[in-house]
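What follows is a set of notes on a single structure, which appears directly below.
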Amino acid sequence: MDHPSVLLSITYIAPVQYFTKFLLYDEIQLEIQENYTKQTYRNRCNIYGANGKLALTVPVLTGEKQKTLTKDLRIDYTKKWQKLHWKGIESAYRSSPFYEFYIDDFIPFYSKKYAFLFDLNMEILMKILHILDLHPEIKYTSRFLIPETGNITDMRDSIHPKKSYKSDRNFSPCEYNQVFSGKHGFIANLSIIDLIFNAGPEAGGILRDCIKSL
């Protein structure tokens with residue numbers, strides 16, 4: 001099956017499902033002209049903490065009356081989110097097999113202050129693609145895109161924390177060892193850092209195994 005192009009939202013440390021699209025499609029189009037909506041992966045991710053799934057959310061500044069484009073969204077630093085996220089990641093993965101090997105790659109994201117969510121998300125995305133040795137063709141939308149042909153797959157809102165990954169016909173999560181799986185079992189489709197810290201160099205192969213071809 002030919003997979004020419006996919007339309008994705010900008011995300012904060014996206015789940016495994018999201019990153020399979022960088023392998024499946026020839027071209028990635030990132031939507032930057034949409035209005036921001038709450039409770040999406042645009043500013044949150046899920047990791048595996050000692051008590052199970054743990055959501056980490058980047059607080060943002062939104063106008064009370066007018067909508068804000070995701071690319072223009074500013075991060076709210078009145079809340080100490082960087083300290084909380086770093087503490088959550090450290091406590092979740094410090095005993096994982098590859099924590100020491102990769103943790104230095106993520107330190108800058110919790111020490112540098114990014115004015116815009118877009119800049120934080122894109123730097124994280126590029127770092128993760130480098131770790132996974134993925135080199136996709138990435139484009140940005142110049143206007144809010146309404147796909148008119150079957151040559152582009154719109155997944156802006158289908159990869160969503162409140163929607164099941166089971167509706168994605170091209171994705172089937174593969175189990176791998178997780179730090180707390182002995183307590184709570186395997187939790188599928190967490191943030192890609194869960195896969196990276198637990199699987200290390202094998203993360204790319206596991207990602208490929210998660211792809212279901214039609």
Answer whether the closest heavy-atom distance between the side chains of [X] and [Y] falls below 4.5 Å.
| X | Y | result |
| --- | --- | --- |
| Ile192 | Ile128 | yes |
| Ser191 | Tyr48 | no |
| Leu120 | Phe116 | no |

Of all heavy-atom pairs between [X] and [Y], which one has the smallest distance, and what is that distance?
| X | Y | value |
| --- | --- | --- |
| Lys139 | Glu137 | CE-OE2, 3.2 Å |
| Arg44 | Ala55 | NH2-CB, 3.4 Å |
| Ala203 | Ile196 | CB-CA, 4.4 Å |
| Thr68 | Thr62 | OG1-CA, 4.3 Å |
| Tyr99 | Phe197 | CA-CD2, 3.7 Å |
| Cys174 | Cys210 | N-SG, 3.4 Å |

Rounded to the nearest 0.5 Å, how far does [atom2] of [Y] lie from [atom1] of [X]?
| X | Y | atom1 | atom2 | answer |
| --- | --- | --- | --- | --- |
| Leu117 | Asp72 | CG | CG | 11.0 Å |
| Ile10 | Asn43 | CD1 | CG | 12.5 Å |
| His130 | Leu125 | NE2 | CG | 13.5 Å |
| Asp119 | Leu73 | CG | CG | 11.5 Å |

Distance-only donor-acceptor pairs under 3.5 Å for side chains of residues 15-22, two or more places apart:
unit_1 : atom_1 : unit_2 : atom_2 : d
Gln17  : OE1    : Asn189 : ND2    : 3.4
Gln17  : NE2    : Asp168 : OD2    : 2.9
Tyr18  : OH     : Ser9   : O      : 2.8
Thr20  : OG1    : Gln17  : O      : 2.5
Lys21  : NZ     : Asp168 : OD1    : 3.4
Lys21  : NZ     : Asp168 : OD2    : 2.7

Report, as yes or no, whether the 6.0 Å neighbourhood of atom [atom1] on [X] holds more than 12 heavy atoms from other residues, nucleotides or ligands.
| X | atom1 | value |
| --- | --- | --- |
| Lys80 | NZ | no |
| Glu123 | CD | yes |
| Tyr77 | OH | yes |

When clusters are formed by joining ILVMFWY residues with side-chain heavy atoms under 4.5 Å apart, either directly or through shared neighbours, do Leu54 and Val58 land in the same one?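 Yes, Leu54 and Val58 fall within the same hydrophobic cluster.
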Transitive ILVMFWY side-chain link Trp86 to Leu84, under 4.5 Å: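 Unlinked, Trp86 and Leu84 end up in two clusters.
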Check whether the ring centres of His85 and Tyr12 lie less than 6.0 Å apart, and answer yes or no.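 Centroid distance His85-Tyr12: below 6.0 Å, so yes.
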So, does Ser164 use its side chain to make a donor-acceptor pair with the main chain of Lys166 at under 3.5 Å?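 Present.
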Asn35 side chain to Lys67 main-chain N or O, any donor-acceptor pair under 3.5 Å?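 No, the answer is negative, given that no donor and acceptor are paired below the 3.5 Å cut-off.
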What pairs of donor and acceptor atoms, side-chain ones from residues 175-187 against any protein atom, are under 3.5 angstrom apart with sequence neighbours left out?
unit_1 : atom_1 : unit_2 : atom_2 : d
Tyr176 : OH     : Asp194 : OD2    : 2.5
Gln178 : OE1    : Ile187 : N      : 2.9
Gln178 : NE2    : Ile187 : O      : 2.9
Gln178 : NE2    : Asp194 : OD2    : 2.9
Ser181 : OG     : Gln178 : O      : 3.0
Lys183 : NZ     : Ala50  : O      : 3.1
His184 : NE2    : Ala50  : O      : 2.8

Using distance alone, with no hydrogens and no angle criterion, decide if Glu27 and Gln29 have a side-chain donor and acceptor under 3.5 Å apart.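 Side-chain D/A pair, Glu27 to Gln29: present.
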Could you check whether Tyr140 and Gln33, counting side-chain N and O atoms only, form a donor-acceptor pair closer than 3.5 Å?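 Side chains of Gln33 and Tyr140: no pair found under 3.5 Å.
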Once side-chain hydrogen bond (donor to acceptor under 3.5 Å, both in side chains) is applied, do any residues pair with Lys53, and if so which ones, sequence neighbours excluded?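 Result, side-chain hydrogen bond (donor to acceptor under 3.5 Å, both in side chains) vs Lys53: none returned.
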Go through the steps to decide whether Glu100 and Arg94 satisfy the test salt bridge (charged side-chain N to carboxylate O under 4.0 Å, His left out), and finish with yes or no. CA-CA 8 Å; Glu100 294 295 336; Arg94 63 188 168 198; over 6 Å; no
If the threshold is 4.0 Å, N to carboxylate O, is there a salt bridge linking Glu34 and Arg42?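 The answer is yes: the pair qualifies as a salt bridge.
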Centre of Phe109's six-membered ring, under 6.0 Å away, within 45 degrees of the axis: is that where NZ or CZ of Lys127 sits?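 No, Lys127 does not sit over the ring of Phe109.
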